[in-house]
Amino acid sequence: RRAVAAANGSAVTLEMVAKEAGVSPSTVSRILNGTARVRDSKVRAVEAAIAKLQFMPNPVARSLAGGKSMSIGVVTQSIDSPFYGEALASIEKGLLRGNYSPLFVSGHWREGDERRCVDHLLSRRVEGIILLTSCLPDSELANLSRNVPLTLTGRNVHGERIYCLDVDSTMGARLATDYLIGQGHRQIAFISDRGGEFLELRYRDIYTGVEQSLTPGARWDVERFDQSPDGRYVAYTQNEAGVDRLVLYATATKANVLLP
């Protein structure tokens, strides 16, 4: 029931607003929450008192009293990635339209980090969690959905309160490979970070799509995809002599392909 400090340094309470407006505290609460119709004259008096005292309702206290936090957790893998940037902006826009606030956290493609992100969001009493390309096992996500509703992208997990937005990775890989073949390319390398249950399944789907598009005589390699200590990603393949050759060097926002 307390608000942030007013200009004189003292905390402004709902009771102080009620006294200034000449109404009861319950009337102020109904006006703030919009739970009942109140005479226009009282609404104006409360609004004037709020402006004069610089009263700002405490959202945490209101969530405890009303049982709702009006917040949704959003777990991305790389919050500075252009791939996720557009999705995060759209999620924020949609939530704000419904008077919900997003809480963004990043899992960094590591199960442990993502698990800690989820625990943090649960401690903030979010009313739902959106997981963008989650790395957590299906069984763990199904158990999590018993505590809070989930929306998953890039996954197909069965659960009573799980809504999935999956993609056809096999078809996507076929279209990408067909495009490269149509441009006259014959040496095609597929690079993937193989780690965790989800990434392993996604790798197989993409592998299948690439393989379906390749014609006899085309060659493609999958060797290693490493992350250096400074966060840069480097992929290697082998030439005919068995010597590693750098084929791709990337950061979170830029990739350079080194042609033979």
Side-chain angles (χ1 to χ4, degrees), residues 71-96 100-121 124 126 128-138 140-141 144 150-157 162-173 175-177 179-180 188-207 209-210 222-237 246-258:
S71 61
I72 300 294
V74 183
V75 181
T76 178
Q77 296 305 325
S78 180
I79 205 164
D80 60 347
S81 168
F83 179 81
Y84 290 107
E86 186 174 351
L88 295 178
S90 297
I91 289 171
E92 180 182 39
K93 183 178 180 180
L95 291 177
L96 292 177
Y100 279 84
S101 298
L103 298 177
F104 296 112
V105 289
S106 184
H108 309 292
W109 293 107
R110 292 189 286 267
E111 284 188 22
D113 288 357
E114 185 174 332
R115 200 168 284 116
R116 284 189 290 272
C117 288
V118 170
D119 289 341
H120 172 72
L121 293 173
R124 298 291 297 271
V126 296
I129 298 179
I130 300 171
L131 296 111
L132 303 177
T133 326
S134 173
C135 295
L136 298 178
D138 289 6
E140 187 170 344
L141 292 170
L144 177 61
L150 303 179
T151 295
L152 308 177
T153 67
R155 297 287 295 273
N156 188 11
V157 181
I162 299 179
Y163 182 77
C164 297
L165 298 170
D166 200 5
V167 296
D168 189 340
S169 295
T170 300
M171 177 59 71
L175 292 173
T177 308
Y179 172 79
L180 293 175
I188 301 172
F190 164 52
I191 304 163
S192 174
D193 186 3
R194 301 179 63 179
E197 176 183 329
F198 159 70
L199 290 177
E200 189 70 24
L201 291 173
R202 185 64 71 210
Y203 166 85
R204 293 174 188 172
D205 291 342
I206 298 175
Y207 184 104
V210 174
V222 180
E223 292 297 335
R224 297 203 317 273
F225 185 43
D226 302 327
Q227 184 174 12
S228 59
D230 60 0
R232 294 174 295 183
Y233 294 88
V234 182
Y236 300 88
T237 186
L246 179 66
V247 295
L248 181 139
Y249 172 86
T251 65
T253 59
K254 182 179 180 181
N256 296 314
V257 178
L258 306 183

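All of these numbers come straight from a predicted model, not from anything done at the bench. Counting from 1, the numbers follow the sequence of the chain as shown.
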*Spatial distance of atom CG (L144) from atom CD1 (I129) [nearest 0.5 Å]*: 5.0 Å
*Do any N or O atoms from the side chain of T153 and from the backbone of T133 form a donor-acceptor pair under 3.5 angstrom?*
yes
*Side-chain contact, heavy-atom cut-off 4.5 Å: L165 with L152?*
no
*Give a yes or no on whether a salt bridge exists between R115 and E111, defined as a side-chain N under 4.0 angstrom from a carboxylate O.*
yes
*Criterion side-chain contact (heavy atoms from CB on, under 4.5 Å) on V74 and V105, from CA distance to verdict*: CA-CA 6 Å; V74 183; V105 289; over 6 Å; no
*Report yes or no: does R155 contribute a side-chain atom to a donor-acceptor pair with the main-chain N or O of L136 at less than 3.5 Å?*
yes
*Measuring from C135:SG to D113:CG, what's the distance to the nearest 0.5 Å?*
10.0 Å
*Identify the two heavy atoms, one from S134 and one from L141, that lie closest to each other, and give their separation to 0.1 Å.*
OG-CD2, 3.9 Å
*Applying side-chain contact (heavy atoms from CB on, under 4.5 Å), run through V75 and L132 and close with a yes or a no.*
CA-CA 6 Å; V75 181; L132 303 177; over 6 Å; no
*Report the distance from atom CZ of R110 to atom CD of E114, rounding to the nearest 0.5 Å.*
11.5 Å
*Quick one: pull up OG1 in T76 and CH2 in W109 and give me the separation to the nearest 0.5 Å.*
8.0 Å
*Tell me, with the steps shown, if I72 and T151 meet side-chain contact (heavy atoms from CB on, under 4.5 Å).*
CA-CA 11 Å; I72 300 294; T151 295; over 6 Å; no
_Give me the atom names and distance for the closest heavy-atom approach of L95 to P102._
CD1-CB, 3.6 Å
*N156 and D138: which non-hydrogen atoms are nearest, and at how many Å?*
O-OD2, 4.5 Å
_Determine whether I79 and F104 satisfy the following criterion, side-chain contact (heavy atoms from CB on, under 4.5 Å), listing intermediate values before the conclusion._
CA-CA 8 Å; I79 205 164; F104 296 112; 3.8 Å; yes
_Using a strict threshold of under 4.0 Å (side-chain N to carboxylate O), is an ion pair present between R116 and D119?_
no
_Distance, nearest 0.5 Å, that separates OG of S78 from OH of Y84_ = 8.0 Å
*Donor-acceptor contact present, side-chain S106 to main-chain Q77, <3.5 Å*: yes
